[in-house]
Visitor: 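Below is one structure. I have some questions about it.
Both counts, for ligands and for their atoms, begin at 1 and track the order of listing.
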Amino acid sequence: MNQNDFHFKKKFGQNFLKDPNIPRKIVDVANISEDSLVIEIGPGAGTLTKVLASKAKQVCCYEIDQELKTILDRELLDFHNVCIFYDDFLQRDVRKDLDQFEYSHLYVIANLPYYITTPIITKLIESNLEIEKIIVMVQKEVADRLCAKVGDREYGSITVFLNYYFHLKKEFLVSRNLFVPKPNVDSMVISLTKKENNFPTENFQLFAQLVRDSFRYKRKMLRNNLKNYNLDSIEQVLKKYGFDLTVRAEELSLEIFIDISNHL
Ligand code: SAM
């Protein structure tokens, strides 16, 4: 891409990869099987898209910036398996968009626009699509939060929800120097691989509410965050794991949250 062709838009989180080795490394992590559909959010100038299109059966992209169409048409001229919706991913009915494709495996692979990382991941989870793997590049600090372990300072409700659905892994660090324009932060590629749930919730809504409420005030004890719940019942479960109601949410694993919600 000739940089004089295009004015980068900060409001769309446009920091494009200039090193073609990074897309190759991302695709290696993904280990894409042939009969697969890959969703890419934000193809930008197509650096990652081209590598995805050379491996997957189909690539379905969402790009909010119409101005990139000329560049993408040119860059992707040789690929006939890429479909691009020029629209805001967050507004799309993705399930409906995917009706036109036939595939056996579904992946999401993207260098995400950082200003909407959490809404995008939340939408992917709530869409109930059969996504096998999500491989995304996010801001390093966000990766620390999403992949946090029990007891880490960054461990929060989003970590617990993601752990419910996926095995999370930090794959590799990407220096800010490999982007144009250069952002103020480094990035991390993370992978989320679908879990076969072996400890299911009896009532997912209740579990979700419990997790959100438990982390409402992070520094508060569970007793204070969950005032409106049946605290006796919660304490009974906590005791099994060697805790009491003075524990803080950040010390509780996914399994303990599920166990509590199943007892309420
Ligand atoms: N994939 C390219 C790369 O790695 O070089 C570009 C990644 S750049 C970090 C994020 C891209 O997401 C930009 O192309 C931006 O225009 C696009 N974008 C931002 N908000 C979006 C949204 N709501 N829906 C779809 N695309 C969006």
Side-chain angles (χ1 to χ4, degrees), residues 1-3 5-30 32 38-56 59-76 79 81-98 107-127 129 134-143 146 171-191:
M1 175 189 166
N2 177 351
Q3 285 178 38
D5 278 0
F6 183 70
H7 295 286
F8 291 93
K9 299 176 191 68
K10 214 175 170 179
K11 66 171 180 178
F12 290 149
Q14 289 178 342
N15 299 98
F16 294 176
L17 274 166
K18 56 180 185 182
D19 181 344
N21 289 314
I22 300 298
R24 281 186 219 123
K25 269 179 91 173
I26 293 175
V27 169
D28 283 348
V29 167
I32 299 171
V38 176
I39 299 175
E40 185 191 9
I41 301 137
T47 313
L48 175 58
T49 322
K50 281 187 260 187
V51 187
L52 295 174
S54 66
K55 293 275 177 187
V59 183
C60 168
C61 302
Y62 295 89
E63 175 52 65
I64 199 167
D65 188 356
Q66 302 267 355
E67 238 186 272
L68 285 164
K69 188 169 185 318
T70 322
I71 294 170
L72 283 167
D73 283 350
R74 189 180 64 222
E75 293 292 323
L76 300 172
F79 296 94
N81 57 345
V82 181
C83 163
I84 305 181
F85 295 104
Y86 287 93
D87 202 353
D88 179 352
F89 173 74
L90 294 176
Q91 302 303 323
R92 298 294 301 193
D93 181 344
V94 181
R95 201 165 256 287
K96 203 160 144 221
D97 292 340
L98 297 194
Y107 307 90
V108 174
I109 304 178
N111 171 14
L112 292 182
Y114 292 173
Y115 72 108
I116 44 170
T117 301
T118 305
I120 289 175
I121 292 181
T122 307
K123 177 170 174 135
L124 290 173
I125 291 175
E126 290 178 352
S127 65
L129 293 162
I134 301 177
I135 313 244
V136 280
M137 196 186 307
V138 298
Q139 196 176 318
K140 185 187 166 297
E141 289 68 24
V142 174
L146 301 181
E171 297 289 351
F172 59 90
L173 194 69
V174 182
S175 159
R176 66 191 77 184
N177 297 320
L178 302 182
F179 296 89
V180 56
K182 180 176 161 180
N184 297 325
V185 288
D186 290 321
S187 295
M188 177 76 79
V189 173
I190 61 170
S191 63

Visitor: Geometry only, no angles: is P113 polar-contacting ligand 1 at N/O separations under 3.5 Å?
Guide: no

Visitor: Yes or no: does E40 have any heavy atom under 4.0 Å from an atom of ligand 1?
Guide: yes

Visitor: Is it the case that ligand 1 has an N or O less than 3.5 angstrom from some N or O of Q14?
Guide: yes

Visitor: Does at least one non-hydrogen atom of D87 fall below 4.0 angstrom from an atom of ligand 1?
Guide: yes

Visitor: L48 to ligand 1: N or O pair under 3.5 Å?
Guide: no

Visitor: Under 4.0 Å between a side-chain nitrogen and a carboxylate oxygen: does that hold for K25 and E171?
Guide: no

Visitor: Provide, to 0.1 Å, the distance between atom 23 (N) of ligand 1 and the closest protein heavy atom, together with that atom's residue and name.
Guide: D88 OD1, 2.8 Å

Visitor: Heavy-atom contact under 4.0 Å between L112 and ligand 1?
Guide: yes

Visitor: With a 4.5 Å limit on heavy-atom distance, are the side chains of P43 and L48 in contact?
Guide: no

Visitor: Give me the residue, atom name and distance of the protein heavy atom closest to atom 26 (N) of ligand 1.
Guide: I64 N, 3.3 Å

Visitor: F89 versus ligand 1: do any nitrogen or oxygen atoms come within less than 3.5 Å of each other?
Guide: yes

Visitor: Does K9 offer a backbone N or O that forms a donor-acceptor pair with the side chain of Q14 under 3.5 Å?
Guide: yes

Visitor: Quick one: does I116 get a heavy atom under 4.0 Å from ligand 1?
Guide: yes

Visitor: Looking only at protein heavy atoms, identify the closest one to atom 5 (O) of ligand 1 and say how far it is in Å.
Guide: L17 N, 2.8 Å

Visitor: Identify, for atom 19 (C) of ligand 1, the protein heavy atom at the shortest distance, and state residue, atom and that distance.
Guide: F12 O, 3.1 Å

Visitor: Give the intermediate values and the outcome of side chain to side chain contact (heavy atoms under 4.5 Å, CB included) for residues L68 and F16.
Guide: CA-CA 12 Å; L68 285 164; F16 294 176; 4.0 Å; yes

Visitor: Applying side chain to side chain contact (heavy atoms under 4.5 Å, CB included), can you list everything that pairs with S127, at least two apart in sequence or on another chain?
Guide: L129

Visitor: With side chain to side chain contact (heavy atoms under 4.5 Å, CB included) as the test, would you mind laying out the steps for S191 and I134 before giving the verdict?
Guide: CA-CA 6 Å; S191 63; I134 301 177; over 6 Å; no

Visitor: Looking at K140 and D186, is there a salt bridge between them, counting it only when a charged N and a carboxylate O are closer than 4.0 Å?
Guide: no

Visitor: Does K55, at its NZ atom, have more than 12 non-hydrogen atoms belonging to other residues, nucleotides or ligands within less than 6.0 Å?
Guide: no

Visitor: I'd like to check which ligand 1 atoms, numbered from 1 as shown, lie under 4.0 Å from a non-hydrogen atom of Y62.
Guide: 25 (C), 26 (N)

Visitor: Applying a 4.0 Å heavy-atom criterion (strictly less than), which segment of P43 is in contact with ligand 1: side chain, backbone, both, or neither?
Guide: backbone

Visitor: At what distance is the nearest protein heavy atom to atom 14 (O) of ligand 1, and which residue and atom is it?
Guide: E63 OE1, 2.7 Å

Visitor: Would Y115 count as a contact residue for ligand 1, given that I'm defining contact as a non-hydrogen atom of the residue lying under 4.0 Å from a ligand atom?
Guide: yes

Visitor: Looking only at protein heavy atoms, which one is nearest to atom 8 (S) of ligand 1, and what is the separation?
Guide: G13 O, 3.5 Å

Visitor: So, regarding N111 and ligand 1 (criterion: nitrogen or oxygen to nitrogen or oxygen, under 3.5 Å), is there a contact or not?
Guide: yes

Visitor: Got a sec, which pairs hit side-chain hydrogen bond (donor to acceptor under 3.5 Å, both in side chains) with one end in residues 86-95, sequence neighbours left out?
Guide: D87-R92, R92-D97

Visitor: What heavy-atom pair brings F89 and L124 nearest, and what distance separates the two atoms?
Guide: CZ-CD2, 3.7 Å

Visitor: Consider side chain to side chain contact (heavy atoms under 4.5 Å, CB included). Of T47, N177, V174, L178, which one does D19 pass it with?
Guide: L178

Visitor: Quickly, which of I120, V94, I84 forms a side chain to side chain contact (heavy atoms under 4.5 Å, CB included) with Y62? Name it, please.
Guide: V94

Visitor: Which residue and non-hydrogen atom of the protein lie closest to atom 12 (O) of ligand 1, and at what distance in Å?
Guide: G42 CA, 3.2 Å

